[in-house]
Amino acid sequence: MGRPPLPRPLLPLWAAIIAAAVGGLALTTAFPALAWWPMVFVAIPLTLVSLIGRRAWSAVLVGFVFGLAFFLVNVSFTARYLGPVPWLALSFLEAALTAVAAVPIALAYRWLPRVRGGAWARLVALPALVAALWVLREQLLGTWPYGGFPWGRVGITQADSPLASVASWVGVAGLSFLIVMLCASAVEWVRLGRFRDLRTPVPAVVLIVLLFALPQFPTTDAGSMRVAAVQGNGPAGYFDERGHNDVLNAQLSATAPLFGEDVDVLLWPEGGVDSDPTMNPSTARTLDELAARIDAPLIVAAVTQRGDEYFNSSLLWEQDADNPVDVYDKRHPVPFGEWVPDRGFYRLFAPELIDLIQREYTPGGARPYFDVDGVGVGLAICFDVIYDDVVWDGAKDGAEVFMFQTNNADFRGTDENLQQLAFARMRAVETGRSVVNISTVGTSQIIAPDGSEIAGIPADTAGHMLEDVPLRTGLTPAVLAGAGIQLLLVWGAVIGLLAVGVLGRRRNAKAPAPEGTGVAGID
């Protein structure tokens, strides 16, 4: 038996580049504001088809085109105030990482069929390996460099879809895996062309049933908490003109209609207090008076200083107490937004932009959890919400409800706030908990454990929400096993690809080359 022939590219390089670009653009439409979630089932097959049969360098090119088409649109909000440099830098970096991560997917399509070329290997094993490698790419972008940027994950596109409930079982990474595996299996079914064999669509059908019919994992009703959340719509942006305590005063003005209401806790957004109440006695007295007037604990946020270090902090403030009663510091400050890695190096290229960031924030180490009159409240500050560890740790610590504080003022008029809100909604489903997501300028929402909206405040509007928010106990499989699922997928992808590569080489070494073959050219 001779060596199996090397697979040829499914598309010529020019067509693959077009397919990758269209796939990247299509994937952006699955994210808010459009939120056309079915578009993932167009975008992913186009992207995979562009990689089938490709060698390493052409896979890099195709992957780069896909990444650039996606990120140039998806993160265009970064150009809102600072111009094209941050937008282009971030987009090109993420596209370059996407290009590198496209190579293993292309290798899987070349190597696995040479080890197992049967129909079931094509319909099950190959799609599973490709999907795991896709998740590996998402994890790479979400952790490196400088803590990563886990923004464009496929699973997040499903916040409005019937597939969202699957995240409560396998997490966002697991949902990404299942969606990509379904797309890859469908592609292989079409490539096989055995449409009369009713067995061949079974893997794809099983995945469809699993994705569309699996109910959300149930958590246990634990009563409710009457939450007031205030969006002051003050001048909270980096470049907004403002005087001393203008943001604080905007928050106070929007809170005034709540005086006299029955409230269990008052929540303000990130940056809602524009002076450090731990260092400023006047600001501390204002919060003391507010807690007494509301007759409820406050969860507020401010930049705090301890020694020479600055923190983006959430503060639990109670009436007649030694305040703050508890502090959570943002775990994931935004690189190049709240701190500058390798400042001297990057200042060589954009000194004016780098020098804008004069105060750098230290990452926090406290658990993301407050005990508010016996109710466990999980926390995340803005950028934190896109990181699994913060949300999972809050749930494991005993959170019965989540309260996310954010400041979207630097991205007014863009889709950034809606994309971040999609993360908040998926976190509600993933944990089986209600989420109160409050912004300085919007969009703010109270989200039920199933991801639906309980109440909301539109962008660029001062207002408040006051609702009896459902509390839940019990941990979902996503919270309990989410980290393990990620490790299984990432290391399964690495080990699986290495295994088929080694086995394929051994088989090829034993088999004689087909007659009349020469060195293959560059595709």
Which atoms form the tightest heavy-atom contact between D329 and F311, and what is the distance? OD1-CB, 3.5 Å
Checking the side chain of E430 only, and the main-chain atoms of M426 only, is there a donor and an acceptor separated by less than 3.5 Å? no
Backbone N/O of N74 and side chain of Q419: donor-acceptor pair under 3.5 Å: yes
Audit row: I357, E338, side chain to side chain contact (heavy atoms under 4.5 Å, CB included) steps and yes/no: CA-CA 7 Å; I357 307 166; E338 294 176 309; over 6 Å; no
R153 bridged to D388 by N-O distance under 4.0 Å: yes
What pair of heavy atoms forms the shortest contact from L175 to A167, and how long is it? CD2-CB, 4.4 Å
Side chain to side chain contact (heavy atoms under 4.5 Å, CB included) between V300 and L287, intermediate numbers included: CA-CA 9 Å; V300 298; L287 296 179; 4.1 Å; yes
Polar side-chain atom of D371 near backbone of G374 as donor-acceptor pair, under 3.5 Å: yes
Within the 4.5 Å heavy-atom criterion, are P297 and W317 side-chain neighbours or not? no
Flag, side chain of D397 to backbone of Y369, donor-acceptor distance under 3.5 Å: no
Start with the C-alpha gap between T255 and W268, add the side-chain angles, then the distance that decides, and say whether side-chain hydrogen bond (donor to acceptor under 3.5 Å, both in side chains) holds. CA-CA 9 Å; T255 302; W268 277 9; 3.1 Å; yes
Can you name the closest pair of heavy atoms from I485 and G174 and give their distance? CG2-CA, 4.4 Å
If we count only N and O atoms by modelled type, under 3.5 Å, do the side chains of S168 and Q216 hold a donor and an acceptor together? no
Do the rings of F66 and F70 sit parallel, tilted or perpendicular, given the 30° and 60° boundaries? parallel
Can you list the steps and then say if R343 with E360 is a salt bridge (charged side-chain N to carboxylate O under 4.0 Å, His left out)? CA-CA 11 Å; R343 178 182 283 268; E360 300 204 5; 2.6 Å; yes
Could you point out which residue of V263, L466, V469 forms a side-chain contact (heavy atoms from CB on, under 4.5 Å) with R226? L466
is_close_aromatic(Y387, H332), centroid dist under 6.0 Å: yes
So F149 and W151, would you call those rings parallel, tilted or perpendicular, with 30° and 60° as cut-offs? parallel
Classify the angle between the aromatic ring planes of Y146 and Y346 as parallel (below 30°), tilted (30 to 60°) or perpendicular (above 60°). perpendicular
For the pair F64 and F92, name the ring-plane relationship: parallel under 30°, tilted 30 to 60°, perpendicular over 60°. tilted
Does NZ or CZ of R433 lie under 6.0 Å from the centre of the six-membered ring of F402, at an angle within 45° of the ring axis? no
Honestly, is R293 close enough over F259, meaning NZ or CZ under 6.0 Å from the six-membered ring centre and within 45° of the axis? yes
Could you tell me which non-hydrogen atom of Q139 sits nearest to which non-hydrogen atom of A173, and how far apart they are? NE2-CB, 4.0 Å
Can you tell whether the side chains of R425 and E453 come within less than 4.0 Å, N to carboxylate O? no
Of T443, N407, D460, the one forming a side-chain hydrogen bond (donor to acceptor under 3.5 Å, both in side chains) with N417 is T443
Please evaluate residues Y361 and W339 with respect to the criterion ring pair (Phe, Tyr, Trp, His ring centres under 6.0 Å), reporting the C-alpha separation (whole Å), side-chain torsions for both, the decisive distance (0.1 Å), and the verdict. CA-CA 6 Å; Y361 297 96; W339 68 289; over 10 Å; no
Are side-chain N/O atoms of N312 and E270 paired as donor and acceptor at under 3.5 Å? yes
Can you find a side-chain donor-acceptor pair between T283 and S275 that sits under 3.5 Å? yes
I'd like to know if R367 and D393 make a salt bridge, using a cut-off of under 4.0 Å between side-chain N and carboxylate O. no
